[in-house]
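The block underneath contains the structure these notes are about, expressed in structure tokens.
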2 protein chains.
Amino acid sequence: MEPTATVLDLNQLRRSCSTCALHELCLPAGIGVDDLNRLDATVKDKRMLDRGAVLYRDGDKFDALYVVRSGSLKTFVQNEAGDMQILAFHLPGEIIGFDALASNQHVSQAEALERSSICELPYVQLQQVTSDVPALHRQLMRVISREVVEEHRHLMMMGRQQAQEQLATFLRSLSDRYQRLQRDGNALNLSMSRYDIANYLGLVVETVSRLFSRMEEMGVLEVNRKSVRILRPDLLASLCRTDAASKQKSSG
Amino acid sequence: MEPTATVLDLNQLRRSCSTCALHELCLPAGIGVDDLNRLDATVKDKRMLDRGAVLYRDGDKFDALYVVRSGSLKTFVQNEAGDMQILAFHLPGEIIGFDALASNQHVSQAEALERSSICELPYVQLQQVTSDVPALHRQLMRVISREVVEEHRHLMMMGRQQAQEQLATFLRSLSDRYQRLQRDGNALNLSMSRYDIANYLGLVVETVSRLFSRMEEMGVLEVNRKSVRILRPDLLASLCRTDAASKQKSSG
DNA sequence: CGATTTTTTGATTAACATCAAGACAAGTGG
DNA sequence: CCACTTGTCTTGATGTTAATCAAAAAATCG
């Protein structure tokens, strides 16, 4: 490969928060121009991660938050026995690493699902900026709060929905996030494996595979390995809940 | 009832953060004396809630965070169909309401499980204090982060453990929290119903009831309705995970 | 291409939900 | 204080969903 290409790439990555395409979705959302430059200065050199590369692992000292700039990652926890539970899949504009604020060390692991680029926000500097810029402080709190709310959705999904509803909900939420990124919400490109999807939903891989097949038979999806096209968004929506009346499971 | 008793009660409740028994477990943890007085000034009149009383509900405008001072609460979300998912049970010293930071309105409901008293932290004032007192800002971030970490535990429990392991894990975590409150960690007083426990774990009430019976037969617990005595903490611990080797479910 | 991993499909089983009913505690009103 | 209601909890019998076991097909990789 020619060096020019690489240099261009790096320059592209080097562009600031102010000109970043994710501007309105990321930490800068709702921040004034002056303050934005300050934030910009704290964002450290962007990192590239290859598929499978680990951004941080359980036990790592906390020293930065990270923003997904392109690509995608998964975060997960592991117990003593080595069982893994995937917590979330992260798309561009999303900030990760908040779990480490509590104890000053990470209690989860973040791993790239594909080649991804990352903005690093060293925490000491970020703290400096946020204490000077109240708007940024509030914005940061809002972002953590969004993570809390998202986890509530995850809990509701795992606790109260059955397998097919869960997968439908998962696909719909992915579709929504695609749209917020100005992508076609009906043409999903799943960067995670079936195994990862199953784990995220608390199922086994066979179940997920069967569900994809079933939804394809129903005409809801067109599945081609990683690429999933939503043919009938309306049907998919209806699959998120089997006729309301029909279940107990401590619904309330 | 005699007015004197009521007045005394109110006075007791009115005592400040500095002298509160929960001092070291609550927001003041790690805050200096001077700053503590400032925090103290922002804590609004304490509220009493009767069993079943609602502190905030889904859709309520966000204007305060709340600290459980005595008693206990549950928080839960509900979907369109009315299905409920309990997110957590909250004991004294715990701060709730963070879900509302994201959108300026609550997206969950908090309800007292027994007669409980609550400290209210009006957010506008809290924001003022935190911007003046960086230590408090950091402490607040740590507390939200703890909530995130706790939810990771909940997700791991629901996604990867089976019913008996879940209940064992739940009881153990409750026991730990009792101990942090200087209570006997082996003499639990469950303020929540079997129904609530089942919902929290993603099970039905019959399953939970059967598990209590089974654990009693095994000699792990002595169950008497709301009162649960842990007879064999060691056995309980071992129940949190059936022999490590024996499962798939996308463990890693 | 052979080797390994991922995904799909089928057959069987286990875990938990559902259905049904009784036991027990806590009110409630007479 | 007692009959009666109501809600919570327990226990048993049966059913269903998703896990497990097994193996082949498809994709990825060196």
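Letters go in sequence order (proteins before strands), and every chain restarts at 1.
Candidate nucleotides dC16(C), dA20(C), dT9(C) were compared by shortest atom distance to the side chain of E206(B), and dA20(C) ranks first. Of all nucleotides listed (dC19(C), dA19(D), dC9(D)), dC9(D) comes nearest to the side chain of S193(B). Distances from the side chain of V205(A) to the nucleotides dA19(D), dA18(D), dT8(C) place dT8(C) closest. Checking dA18(D), dT11(D), dT7(C) against every side-chain atom of S213(B), the shortest atom distance belongs to dT11(D).
Here OG of S72(A) is found 6.0 Å from CE of M192(A). Values are rounded to the nearest 0.5 Å. Within the model, atoms CE of M157(A) and CG of N79(B) stand 13.0 Å from one another, a figure rounded to the nearest 0.5 Å. Here the CG atom belonging to L91(A) is positioned 11.5 Å from the OG atom belonging to S70(A), to the nearest 0.5 angstrom. A distance of 10.5 Å separates CZ of R229(B) from CG of N189(B), quoted to the nearest 0.5 Å.
Counting distance only, with no hydrogens placed and no angle test, the side-chain atoms of R210(B) and the base atoms of dT18(C) include a donor-acceptor pair under 3.5 Å. In terms of polar N and O atoms assigned as donor or acceptor, the side chain of Q164(B) never comes within less than 3.5 Å of the base of dC16(C) in a complementary pairing.
Regarding contacts with the backbone of dT9(C), every side-chain N or O of S209(A) stays at 4.0 angstrom or more from both OP1 and OP2. For the pair K226(A) and dT7(C), the criterion of a side-chain N or O lying under 4.0 Å from OP1 or OP2 is met. Between dA18(D) and T207(A), no contact under 4.0 Å exists linking OP1 or OP2 to a side-chain N or O.
Overall bending of the helix from dC1(C)-dG30(D) to dG30(C)-dC1(D), expressed as the angle between end axes built from five pairs apiece, is 50° (10° steps).
Side chain of R160(B) to main chain of N199(A): a donor-acceptor pair is present (N/O by atom type, distance under 3.5 Å, no hydrogens or angles).
Atoms CD (E216(A)) and P (dT9(C)) sit 8 Å apart, rounded to a whole Å. Per the geometry, CD belonging to Q161(B) stands 18 Å off C1' belonging to dA18(D), to the nearest Å.
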request  = Step by step, work out the side-chain hydrogen bond (donor to acceptor under 3.5 Å, both in side chains) result for H152(A) and Q85(B).
outcome  = CA-CA 9 Å; H152(A) 292 177; Q85(B) 175 61 53; over 6 Å; no

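Inter-residue side-chain proximity for Q161(B) and F170(B) is flagged as unmet; no heavy-atom pair is nearer than 4.5 Å.
Toward the 5′ end of DNA chain D lies the nearest nucleotide of R214(A), the other residue of the pair R225(A) and R214(A) mapping further downstream.
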